[in-house]
Amino acid sequence: EGNPVARNKLLFKSADGTATTWLWDCTAGKFNWFYDIDETVHLIEGSVIIKDYTGGVSQVKAGEAIFFPAGSSAEWTVPNYVRKFAILRVPLPRQVQFAKRVYHSLKRLAGRRNGTDVKPTMFQSG
């Protein structure tokens, strides 16, 4: 609805091409968006009203962040103007995610058996 005008600028692309960061802005209007990759958004200026596929509505304002997983969709309503910083990332295939979790679990288990389990360190100011 309306006549939203959007602009974007690529800021960074990872060496493997799986992640990018962008600046994006848009004038007032309403549009639907489908996310084919994961997108984390931090609003820099303005606000948006997000309606998800279930009909849930959220208002996101400058200084707030929202995550859109690959495969999701949303209706964006921009009341006036919005500017965002976005991180887009191609998600790993499920088999690779599973293998990665197994690897890290086995690594932790092996560390405990060898008595080399790493303890978290607390940092205190002052």
Side-chain angles (χ1 to χ4, degrees):
E1 292 179 19
N3 191 21
V5 176
R7 301 177 302 174
N8 62 50
K9 180 179 180 181
L10 176 64
L11 300 176
F12 174 79
K13 185 173 187 176
S14 65
D16 64 3
T18 61
T20 56
T21 58
W22 296 83
L23 276 181
W24 178 90
D25 70 349
C26 186
T27 59
K30 184 187 288 191
F31 55 90
N32 293 310
W33 198 257
F34 177 78
Y35 298 86
D36 55 352
I37 61 177
D38 290 346
E39 183 170 339
T40 302
V41 170
H42 176 81
L43 291 191
I44 299 168
E45 184 177 345
S47 66
V48 295
I49 299 166
I50 303 291
K51 184 176 179 182
D52 67 25
Y53 72 95
T54 66
V57 177
S58 300
Q59 182 173 12
V60 184
K61 301 178 215 167
E64 297 179 335
I66 188 167
F67 174 73
F68 299 95
S72 65
S73 61
E75 177 187 272
W76 280 61
T77 301
V78 180
N80 296 305
Y81 171 81
V82 67
R83 184 165 35 142
K84 71 178 183 179
F85 173 79
I87 302 168
L88 285 68
R89 185 182 72 77
V90 177
L92 295 171
R94 290 193 188 278
Q95 298 89 342
V96 175
Q97 290 177 20
F98 177 74
K100 190 175 174 183
R101 282 194 304 273
V102 169
Y103 169 77
H104 287 292
S105 294
L106 291 174
K107 190 174 171 184
R108 278 193 302 274
L109 182 61
R112 287 186 187 126
R113 286 187 181 156
N114 294 332
T116 60
D117 196 20
V118 177
K119 304 283 189 238
T121 302
M122 297 287 290
F123 293 99
Q124 296 179 349
S125 60

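Since this is a predicted model, take the numbers as computed values, not measurements.
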Do Phe31 and Val78 pass the side-chain contact (heavy atoms from CB on, under 4.5 Å) test, and can you show the C-alpha distance, the side-chain angles, and the key distance before you say yes or no? CA-CA 9 Å; Phe31 55 90; Val78 180; 4.2 Å; yes
Minimum heavy-atom separation for [X] to [Y], with atom names?
{"X": "Ser14", "Y": "Asp16", "result": "OG-OD1, 2.7 Å"}
{"X": "Ile37", "Y": "Arg89", "result": "CB-O, 3.6 Å"}
{"X": "Asp38", "Y": "Ala70", "result": "OD1-N, 2.8 Å"}

Separation between [atom1] of [X] and [atom2] of [Y], rounded to the nearest 0.5 Å:
{"X": "Ser58", "Y": "Lys51", "atom1": "OG", "atom2": "NZ", "answer": "12.0 Å"}
{"X": "Glu1", "Y": "Asn32", "atom1": "CD", "atom2": "CG", "answer": "9.5 Å"}
{"X": "Phe68", "Y": "Thr40", "atom1": "CZ", "atom2": "OG1", "answer": "9.5 Å"}
{"X": "Thr20", "Y": "Leu10", "atom1": "OG1", "atom2": "CG", "answer": "6.5 Å"}
{"X": "Leu88", "Y": "Tyr35", "atom1": "CG", "atom2": "OH", "answer": "9.0 Å"}
{"X": "Trp22", "Y": "Lys13", "atom1": "CH2", "atom2": "NZ", "answer": "8.5 Å"}

In plain terms, say whether Glu64 and Lys84 are close enough for a salt bridge, that is, a side-chain N and a carboxylate O under 4.0 Å apart. no
Test item: [X] side-chain N/O and [Y] main-chain N/O as donor-acceptor pair under 3.5 Å:
{"X": "Ser73", "Y": "Phe34", "value": "no"}
{"X": "Asn8", "Y": "Leu23", "value": "no"}
{"X": "Ser105", "Y": "Arg101", "value": "yes"}
{"X": "Thr27", "Y": "Val5", "value": "yes"}

Val82: which of Val60, Val48, Thr77 passes side chain to side chain contact (heavy atoms under 4.5 Å, CB included): Val48
Close side-chain approach of Gln59 and Ser47, heavy atoms under 4.5 Å: yes
Is there a path of hydrophobic side-chain contacts, each under 4.5 Å between heavy atoms of I/L/V/M/F/W/Y residues, joining Phe67 to Ile50? no
Single-linkage hydrophobic cluster, 4.5 Å side-chain cutoff, Ile66 and Trp76 together: yes
Can the ring centres of Trp24 and Trp33 be said to be less than 6.0 Å apart? no
